[in-house]
2 protein chains.
Amino acid sequence: MLCRTYDGAVTDENHPTEETLGLRELKKRQSRIAMHRAALEIVNEHGLAGVTVEAIAHRAGVSTRTFFNHWATKESAIIGVLGANGDEIAGRLRQKIQETGPLGALRTVLREFAASAPVDPELRELKKQVMAKEPRLHSYSTGNLRSVQTEMVVVLAEALEGEDAHERAMLAVQLGFAVTRTAFAASMARGLDLGTAFDDVLAHYDEGDPVF
Amino acid sequence: MLCRTYDGAVTDENHPTEETLGLRELKKRQSRIAMHRAALEIVNEHGLAGVTVEAIAHRAGVSTRTFFNHWATKESAIIGVLGANGDEIAGRLRQKIQETGPLGALRTVLREFAASAPVDPELRELKKQVMAKEPRLHSYSTGNLRSVQTEMVVVLAEALEGEDAHERAMLAVQLGFAVTRTAFAASMARGLDLGTAFDDVLAHYDEGDPVF
DNA sequence: ACAGAAACTGCACTCAGTGAAATAGTGCAT
DNA sequence: ATGCACTATTTCACTGAGTGCAGTTTCTGT
């Protein structure tokens, strides 16, 4: 599980090929890629303020209503992160905790999440350009995942013991996302893939960088 | 500087009293408190989904347009954080770096920011209730400060040396805000004031809690 | 081929947020 | 006190995000 991203990138051995997927699911994904790409292109051309849902939908060849059937907000389409991913991540965290205990689980899951970023080189380059042009987007990148964060805190808290389990869980999740956000920015700035950027930043974090 | 919050709480010795402030500035603040209180009350009564800017403005006795002259978004009025605070914080960080170097500066400034939370006990209690009822609001609490975060990164990065200064600065700021967010949640959950909650969470952080 | 499910669409609607121009209220000068 | 300059507030009109609903199209399993 947790294998596919919106553009069909696969991080597990269970490849759901186009045949096994069915035409319906296939079109759904093509539609999503089209919208995501359209969103990135329009931001690239007209800036973040110059993009409207109507324009995105039109370029992607769907109605604006359909747009909102796929993406919760305009920003999520630009970033390319589906809300549904959230549930997967929280579920994956629960599973990993059962397997190996709560200690390394959060790292593993966030690392997996980072590594599952889209691999289409053209989209990657486009996204990088857009991110460089519109720094405001960085904060959206993991900002959409509010509900995931709280869910992860709950999952993690029930695996910890002690009175202040919830507080420690929350701190852990917040720190984890802090690292992830930084990794995201670094990967965009330096053209790295998210996975190695994550390892990079995590190394800094483990050094106990005295800046904070 | 960095002395006043929206409700007149003061964290420095230069008290601007009501006389020295002038009628204009005084009314402005009363208006802001009225809007903030109205926002909290309505969320408390009708839930987060049942609050509209029109309702807030009406209860506070102002027009909706005036509402947006004071608050950048609906959420910022509920949380009670002014956008203007952001510039103050970044400026304060720059000042503190010049005084004591980049190392402890970030902590100090965030701690000061945390301690400058509103002190009106009635509003505090109301806010606590609202936060307990609507957990979604937690993420808004420091989420509005996107522009501040990026500005702080810039300020901090130019004080650090080395090639990866920007990346280290970003990690530091992200970690700092992770702690601040957690402290905010803890203070709301346990009824502590933000300052001591911040120290509490920071202690956990310094222990190198192995959860993350 | 056909029935049921799922996705797409058009329409009407609410509400957040902005710009501009008119108006009212404050502060300061004489 | 009164007029002048400045600033906040208001009114109005508007754009655009997001949602609910009902009807149509497109796919899937049999």
Side-chain angles (χ1 to χ4, degrees), chain A residues 6 16-36 38-39 42-43 46-79 82-84 136-137 140 143-144 146-147, chain B residues 6 16-36 38-39 42-43 46-79 82-84 136-137 140 143-144 146-147:
Chain A
Y6 64 92
T17 55
E18 295 180 2
E19 286 93 29
T20 64
L21 266 180
L23 198 52
R24 182 172 282 168
E25 192 66 17
L26 183 69
K27 283 197 174 183
K28 206 162 147 182
R29 290 187 191 189
Q30 287 177 338
S31 210
R32 278 185 197 174
I33 303 175
M35 289 187 246
H36 178 42
I42 296 179
V43 174
H46 302 99
L48 190 52
V51 62
T52 66
V53 171
E54 195 181 347
I56 298 172
H58 180 260
R59 186 174 295 203
V62 297
S63 72
T64 67
R65 194 61 187 81
T66 297
F67 177 91
F68 285 111
N69 286 338
H70 286 267
W71 310 93
T73 64
K74 185 175 66 167
E75 287 75 24
S76 64
I78 301 173
I79 301 295
L82 298 174
R136 179 195 299 259
L137 282 175
Y140 287 127
N144 306 31
R146 288 180 208 126
S147 58
Chain B
Y6 63 93
T17 56
E18 295 180 2
E19 286 93 28
T20 65
L21 266 179
L23 196 54
R24 184 172 282 168
E25 195 67 16
L26 183 70
K27 283 196 172 181
K28 207 162 152 183
R29 288 186 193 190
Q30 287 177 339
S31 209
R32 276 187 202 174
I33 303 176
M35 289 186 245
H36 178 41
I42 295 178
V43 174
H46 302 99
L48 191 52
V51 63
T52 65
V53 171
E54 195 181 347
I56 299 172
H58 179 259
R59 184 173 294 204
V62 296
S63 72
T64 66
R65 193 62 184 82
T66 296
F67 177 92
F68 285 111
N69 286 338
H70 285 266
W71 311 93
T73 65
K74 185 175 65 167
E75 288 74 25
S76 64
I78 300 174
I79 301 295
L82 298 173
R136 179 197 297 260
L137 281 175
Y140 287 127
N144 306 30
R146 287 180 210 128
S147 57

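Below, chains carry the letters A, B, ... as their sequence lines are ordered, and counting in each starts from 1. Note that these values count all heavy atoms, side chains included, but never hydrogens, waters or copies made by symmetry.
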With a 4.0 Å cut-off on heavy atoms, is T66(B) in touch with a base, just the backbone sugar-phosphate, or nothing at all? base
Distance check needed: [N] [atom2] versus [X] [atom1], whole Å only.
X: L23(B); N: dG27(C); atom1: CG; atom2: P; value: 5 Å
X: H58(B); N: dT11(D); atom1: NE2; atom2: P; value: 12 Å
X: L26(B); N: dT26(C); atom1: CG; atom2: P; value: 11 Å
X: E25(B); N: dT7(D); atom1: CD; atom2: P; value: 12 Å
X: K74(B); N: dA16(C); atom1: NZ; atom2: P; value: 4 Å
X: N69(A); N: dG20(D); atom1: CG; atom2: P; value: 11 Å
X: R65(A); N: dG16(D); atom1: CZ; atom2: P; value: 19 Å
X: H46(A); N: dG16(D); atom1: NE2; atom2: P; value: 13 Å

Does dA8(D) have OP1 or OP2 under 4.0 Å away from a side-chain N or O of K28(B)? yes
Test item: V53(A) and F68(A) side chains (from C-beta on) under 4.5 Å apart, heavy atoms: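 Yes, their side chains come closer than 4.5 Å.
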Per F68(B) side chain, nearest of listed nucleotides dC8(C), dT18(C), dG18(D): dT18(C)
Nearest to the V53(B) side chain among dC27(D), dA16(C), dG16(D), which nucleotide is it?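 Between dC27(D), dA16(C), dG16(D), the one nearest the side chain of V53(B) would be dA16(C).
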Assign each of K27(B) and A72(A) to its nearest nucleotide of DNA chain D by heavy atoms, then name whichever residue's nucleotide is nearer the 5' end.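 Residue closer to the 5' terminus by nearest nucleotide: K27(B).
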Taking the side chain from K74(B) and the backbone from V51(B), do they hold a donor-acceptor pair closer than 3.5 Å? yes
